[in-house]
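Have a look at the structure below before the remarks.
Convention: sequence-line order gives letters A, B, ...; per-chain numbering from 1.
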2 protein chains.
Amino acid sequence: MSLRHAILGIVSARPMTGYELIRTFANSVAYTWAAGQAQIYPELHKMEHEGFLTAQAASRGASEKRVYSITAAGGEELRRWVEATTRYPAERDVARLRATYLELAPATSRTFFEQHLAHYTALLEKLELRRLSVEQRSGPLLQARLATRPAAEHAAIIAFKAHGVAGQIERTKAEIAWAQAGIELVDRLAAG
Amino acid sequence: MSLRHAILGIVSARPMTGYELIRTFANSVAYTWAAGQAQIYPELHKMEHEGFLTAQAASRGASEKRVYSITAAGGEELRRWVEATTRYPAERDVARLRATYLELAPATSRTFFEQHLAHYTALLEKLELRRLSVEQRSGPLLQARLATRPAAEHAAIIAFKAHGVAGQIERTKAEIAWAQAGIELVDRLAAG
DNA sequence: GGAAGCATGTAAAAGGTTACATGATTGC
DNA sequence: GCAATCATGTAACCTTTTACATGCTTCC
């Protein structure tokens, strides 16, 4: 149940609407914890109901929008969750499972690794940009977060976020290397 | 929906009972596609109903057990799935999400990385054993699989399975390196 | 006037986890 | 006789995905 903690983490930087939150999930957070709008709106309601968020109605022409802020209880819950022990989820890796049975598909085995390579190459590019934006402290959400915290904490905030992205980058590079080695393997097997 | 393909992959090596399948999921397959018994038994019934598996009742003293075999349609479905394009699932990484907010938990941030290290070190050990067992073609299930396929295919079967495990090992090593760098980071921040 | 983006939701289905529940067999 | 292992299942719940649904606002 980390969706709510991902939400708390974002809203702890600054108050925002559900829509803004959804866009944030589609961008920066997407590489760590993906969530779609069908999950986010109901969760916001639940979290408001449980006292982790408060919503203020803001006018938007004729209609209204709801701006969510984190409450003291919400901040407490986020901290409690960060301090708790990680429960590592069971491994579930479709690509690797398919790769295990690639002898059944000699015609498409090379394509499999080419697509794996393409997928993670594209991801790597986005992650490198993200790393830059964290290290340079550009990115409006990070700036908003820093503005709420004392300057003495800034180094740690940046360091942990950059370290997180760095970990994703290394994992992604491992996938790229695996795909490249896979292509070589397929060619070697084809050569006989 | 890869559970059924994981099942088809295992049963394609040799017929077995649900219980044996569950044990296989708890061991070798666990690192690629985890599944518990509450998922497996109902899925077996569904797959039998849909014609991907057939069950023969075998006696077991007073009671009976059901031995599942893969059908032609099941083999075809497995091949079709291996040939199909991978749909990469959305990223969802609890540990990395927590790491992002570690500035909120200065007291436990070192422990977080220590546990990450311990978790992946233990996993690495199991994966290294698994790699050995694949490369040496020990492991009764792999031997059963090889026995069903012509000798000319054996090299490819072993190569793809070993390559899969090698990929998991590299990913795991990346996590270990990340945890070690995290510990150093925490110590550096604490030293000021 | 129309397109892009802002904004908020729901319903149904699929997939996965946790806990409960039962009984036979094998080996000590 | 008892413990471990073999063997099979169900129920409730939680999480996630896919698809549907609606309407306002801003900019061109």
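- Taking atom CD of residue A:Glu50 and atom P of nucleotide D:dC14, one finds them 11 Å apart after rounding to whole Å.
- Side-chain polar atoms of B:Glu91 and A:Thr32 form no donor-acceptor pair below 3.5 angstrom.
- The side chain of A:Gln39 lies closest to D:dT15, out of D:dA7, C:dT8, D:dT15.
- Between the CZ atom in A:Phe25 and the CG atom in A:Leu3 there is a gap of 5.5 Å [rounded to 0.5 Å].
- For the pair A:Arg4 and A:Trp81, the cation-pi test (distance below 6.0 Å, angle within 45°) is failed.
- A:Ala35 comes within contact range of no nucleotide atom at all, as no heavy-atom separation falls under 4.0 Å.
- With A:Trp33 as the aromatic partner, B:Arg96 does not meet the cation-pi criteria of under 6.0 angstrom to the ring centre and within 45 degrees of the ring axis.
- Residue B:Tyr41 is the one, among B:Tyr41 and A:Ala34, whose nearest nucleotide of DNA chain D lies closer to the 5' end (criterion: closest heavy atom).
- For the side chain to side chain contact (heavy atoms under 4.5 Å, CB included) with B:Glu43, the lone residue among B:Gln39, B:His45, B:Met47 that qualifies is B:Met47.
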Contact letters for nucleotides 20-28 of chain C, in which S counts primed atoms plus P, OP1 and OP2 and B counts the base, heavy atoms under 4.0 Å: ---BBS---
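- Neither OP1 nor OP2 of D:dT8 sits under 4.0 Å from any side-chain N or O of B:Arg66.
- Summarising the geometry, the separation between CH2 on A:Trp33 and C1' on D:dT15 is reported as 9 Å, rounded to the nearest angstrom.
- Taking the side chain of B:Ala38 as heavy atoms from C-beta on, and the options D:dT16, C:dA19, C:dT10, the nearest nucleotide is C:dA19.
- If you check D:dG9, C:dG9, D:dA7 against the side chain of A:His45, the one that comes closest is C:dG9.
- Counting to the nearest Å, the C1' atom of C:dG5 and the CZ atom of A:Arg23 are 9 Å from each other.
- The distance from atom CG of B:Leu3 to atom C1' of D:dT16 is 16 Å, rounded to the nearest whole Å.
- If A:Arg87 and B:Met1 are placed on DNA chain C by their nearest nucleotide, the residue sitting closer to the 5' end is B:Met1.
- Note that CZ of B:Arg79 is 8.5 Å distant from CG of A:Leu104, once rounded to the nearest 0.5 Å.
- If you check C:dT8, D:dC6, D:dA7 against the side chain of B:Thr17, the one that comes closest is D:dA7.
- B:Glu50 has no carboxylate O lying under 4.0 Å from a charged side-chain N of B:Lys46, or vice versa, which leaves the two without a salt bridge.
- Listed candidates were C:dG16, C:dT8, D:dA7. Nearest to the side chain of A:Arg92 is C:dG16.
- Residue A:Glu20 is the one, among A:Glu20 and B:Ser2, whose nearest nucleotide of DNA chain C lies closer to the 5' end (criterion: closest heavy atom).
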